[in-house]
Trainee: 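Just dropping this structure here.
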Protein chains: 2
Amino acid sequence: MANIQEIAKLAGVSSATVSRVINHKPHVSSETRAHVQQIINQLDYVPNINAVSLKKGATKMLGIVAPTFSDSLGTFLKNFTLAAQQGGYNVTLFLTGLDKQKELEAFERLRNKQLDGLVLVIRLNEWDVLESYAKYGPIVTWQRVEDRNIQSVFMNQYDGYMLALEHLYEKGYRKIVNAYGNTAGLNTKSREKAYADFCQKYDLNPNEFKHFYNQGHMSEGETMARWWVDQTHKPDAFVMATDYLASGLVTEAKRLGLSIPQDFAVVGFDNTLVAHLLDLTTIHYPIGKQGENAFIMIDNQLSKRTNPLEALSFHLVERLTT
Amino acid sequence: MANIQEIAKLAGVSSATVSRVINHKPHVSSETRAHVQQIINQLDYVPNINAVSLKKGATKMLGIVAPTFSDSLGTFLKNFTLAAQQGGYNVTLFLTGLDKQKELEAFERLRNKQLDGLVLVIRLNEWDVLESYAKYGPIVTWQRVEDRNIQSVFMNQYDGYMLALEHLYEKGYRKIVNAYGNTAGLNTKSREKAYADFCQKYDLNPNEFKHFYNQGHMSEGETMARWWVDQTHKPDAFVMATDYLASGLVTEAKRLGLSIPQDFAVVGFDNTLVAHLLDLTTIHYPIGKQGENAFIMIDNQLSKRTNPLEALSFHLVERLTT
DNA sequence: TTGTAGGCGTTATCAG
DNA sequence: CTGATAACGCCTACAA
């Protein structure tokens, strides 16, 4: 395999000159430049990137770390990767499952210089152990975090959730059931708070109905449709944690012969493909833009620039379920 | 940043000994080993992986190259990545868009030693230019290819498509419309062939209805529902190129007040989440297993092993649209 | 069992 | 404008 020395010898110059040609640096006469370039082409030479990385102490590689592969992650990953590639970086994916150790492995890559930066979608380990890696390179997360060493593209879902509630109120719905996500999650807390404030504002009883806490699987939405049928005192609207959950509810309702929004209204969250597919009213969650921002933040730190971030906001997408 | 020399000095040994300790090589007394290890822990030292890669000429990194991010790619990527991680590799994603140059960049990574192997989901460049990179490392593709230097996890869709057709026939449907994918694609050819053979076998007229060629977007399925309404001589079944296409057809049909499978039957392809969501009868396409096989093939070449591949086959998933 | 020293392929600093 | 040469951090014969 050809290396820079070989090129130098064949071109009758020093390796320094070859290096200058490769990296388009000045101080090479155009004749020598052309000549060296010709030899390079002739031998089909490319620089060994590991040597470059070793020398420069940077790899132009970023990592993205998440426990599992979901639709949302797909969107995030896609936009992040595209932005990164645009900026001259490549990105490698770490799927951690539920394995804390696996997550640490990704962070070790930052330490051992294989990665210049990292975006952590959902963490497994405690913040303080992850935070200790910040000194090895920029870390950005999707989640909310109070740490000046780790930046975040977090969006407070309070605002988005309130959008859904206000929309329902405006449409005349008063008997609203909430299906939240993970009990422990911060997003759930924000949404609960939004609902509490909403009830206070309009003088509604926040505990008129059961509150659901789900893992986001479609089948849990299906269960809720059957739950509705069983109730004597029935709600007239559902706000669902995700579009998938909502789609479970909607499709099962149809199987049961119910009609939406006549029997009850449904609002999803995220505005993913299924929402379009099922004509779901939903809250648009700009995950793609968050991915782009994640890159911008990393890039800004790495290159000490200060490029502006994309503006992020939720908005309501009204379709046929309300 | 601590390096091997520094550890050596502090431990009062040579860097060679430290290296032996790091890599768990024999010929080190357990006392020195323990001592060196202690210094390593103390200084929180990790080897610089770029130096290791440079020395060894391998990175334990694989690439995955695709034009755009889709649901199917997500499944493939997920399984491939998980398998790769299991085998001690990490994988980096290259999104090429429609840019041939971008695709070549990924292949250059193979050449310049940043990647040990590559899986090409959908190619942009011609096979012969891509094939010329095979000498730099193993390449596996999702597509069909006649090239002994590039392996493939391709599955002939003839078989899967025939499954759909036979199922419809068995259910009594005789007036079948086909919605294929890209005109140029090999999969389309296989499917056309399956349909031709099917018609021959049962003595049907293969050109009784228009043949559709689509890009796979949902809206094209929607268009087909409206097309059906406009026909005087109506078909009684549709075989759709993808579940998404099928879901467009099904949801639009419902909006138009049609009922499935009474007005017409629909069979999808891929068995993705939407198929479950909409109770679509479909053909299960084991994309995840193809991803795993892609890794096994690469790993076999890289480590000169010969691990067995997963068995791959289509099967029918009968739901409520037939 | 341990150490010495050369080399992996580049880049960057100095001289010239 | 060009060339020597010293790093970058690690591994591995070969010696001791």
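Below, each value reflects all heavy atoms present in this structure, side chains not excepted, and no hydrogens, waters or symmetry copies.
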Trainee: Quickly work out the A/His24 NE2 to C/dT11 P distance and round it to whole Å.
Mentor: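 After rounding, the reported distance stands at 12 Å.
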Trainee: Between A/His27 and A/Ser15, which residue's closest nucleotide on DNA chain D lies nearer the 5′ terminus?
Mentor: A/His27
Trainee: How many Å lie between CG on B/Asn50 and P on C/dT11, as a whole number?
Mentor: 13 Å
Trainee: Starting at OH of A/Tyr89, measure out to CG of A/Asp299 and round the result to the nearest 0.5 Å.
Mentor: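 Output value for this atom pair is 5.0 Å.
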Trainee: For A/Gln114 and D/dC10, what is the distance between atoms CD and P respectively, to the nearest whole Å?
Mentor: 14 Å
Trainee: Considering only NZ, NE, NH1 and NH2 on the basic side and carboxylate oxygens on the acidic side, decide whether B/Glu146 and B/Arg144 come within less than 4.0 Å.
Mentor: yes
Trainee: Would you call the rings of B/Tyr285 and B/Trp142 parallel, tilted or perpendicular, taking 30° and 60° as the class edges?
Mentor: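 B/Tyr285 and B/Trp142: parallel rings.
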Trainee: Has B/Asn48 got a side-chain N or O lying under 4.0 Å from the OP1 or OP2 atom of D/dG9?
Mentor: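 False: B/Asn48 side-chain N/O out of range (4.0 Å or more) of D/dG9 OP1/OP2.
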Trainee: So does A/Lys25 get a side-chain nitrogen or oxygen closer than 4.0 Å to the phosphate oxygens (OP1/OP2) of C/dT11?
Mentor: no
Trainee: Taking only the side-chain nitrogens and oxygens of A/Ser19, find out if one of them lies under 4.0 Å from OP1 or OP2 of C/dT11.
Mentor: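 Yes, such a contact exists.
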Trainee: For A/Val46, answer base if it contacts any base atom (sugar-phosphate contacts may also be present), sugar-phosphate if it contacts only those atoms, and nothing otherwise; contact means non-hydrogen atoms under 4.0 Å.
Mentor: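 Sugar-phosphate contact only - A/Val46 comes under 4.0 Å of backbone atoms but never of a base.
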Trainee: Find which nucleotide of DNA chain C each of A/Ile22 and B/Val13 is nearest to by heavy atoms, and output the residue with the more 5' nucleotide.
Mentor: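 So the residue in question is B/Val13.
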Trainee: Is there a donor N/O on one and an acceptor N/O on the other, under 3.5 Å, for the side chain of A/Lys55 and the base of D/dA7?
Mentor: yes
Trainee: Mind calculating the distance between CZ (B/Arg33) and P (C/dT1) to the nearest angstrom?
Mentor: 9 Å
Trainee: With a 4.0 Å limit, can you tell me whether B/Ser29 has a side-chain N or O closer than that to the phosphate oxygens OP1/OP2 of C/dT2?
Mentor: yes
Trainee: Nearest whole Å is fine: how far is C/dT2 C1' from B/His35 NE2?
Mentor: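 One finds 15 Å between C1' of C/dT2 and NE2 of B/His35, rounded.
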Trainee: Between A/Arg111 and A/Glu108, does at least one N-O distance fall below 4.0 Å, as a salt bridge requires?
Mentor: yes
Trainee: Look at the side chain of A/Thr96 and the backbone N and O of A/Ala66, then say whether any donor-acceptor pair between them is shorter than 3.5 Å.
Mentor: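 Confirmed, A/Thr96 side chain pairs with A/Ala66 backbone.
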Trainee: Return the nearest nucleotide to the side chain of B/Lys56; candidates are D/dC11, D/dC10, C/dG3.
Mentor: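 Output: D/dC11.
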Trainee: Can you tell which of D/dC11, C/dT10, D/dT2 lies closest to the side chain of A/Ala51?
Mentor: C/dT10
Trainee: Rounding to an integer number of Å, can you tell me how far B/Arg20 CZ sits from D/dC10 C1'?
Mentor: 13 Å
Trainee: Which one, D/dA4, D/dG9, C/dG3, comes nearest to the side chain of B/Ser14?
Mentor: C/dG3
Trainee: Give the nucleotide from the list D/dC10, C/dT10, D/dA13 with an atom nearest to the side chain of B/Asn3.
Mentor: D/dC10
Trainee: Just to confirm, is there a sub-4.0 Å distance from OP1 or OP2 of C/dT11 to any side-chain nitrogen or oxygen of A/Asn23?
Mentor: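 A/Asn23 to C/dT11 OP1/OP2: side-chain N or O found under 4.0 Å.
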Trainee: Does a side-chain N-to-carboxylate-O contact under 4.0 Å join A/Glu105 and A/Lys102?
Mentor: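 A/Lys102 and A/Glu105: salt-bridged.
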Trainee: Name the closest nucleotide to the A/Thr17 side chain, picking from D/dT2, C/dT2, D/dA4.
Mentor: D/dT2
Trainee: Measure from CD1 on A/Ile4 to C1' on D/dT2 and round the result to the nearest Å.
Mentor: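 Taking atom C1' of D/dT2 as the reference, CD1 of A/Ile4 is at 14 Å.
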Trainee: Is the phosphate of D/dT2, meaning OP1 or OP2, less than 4.0 Å from a side-chain N or O of A/Thr32?
Mentor: yes
Trainee: Give the rounded distance in Å between these two atoms: CD1 of B/Ile49 and P of D/dC11.
Mentor: 10 Å
Trainee: Nearest to the side chain of B/Pro47, which nucleotide is it out of D/dG3, D/dC10, C/dT2?
Mentor: D/dC10
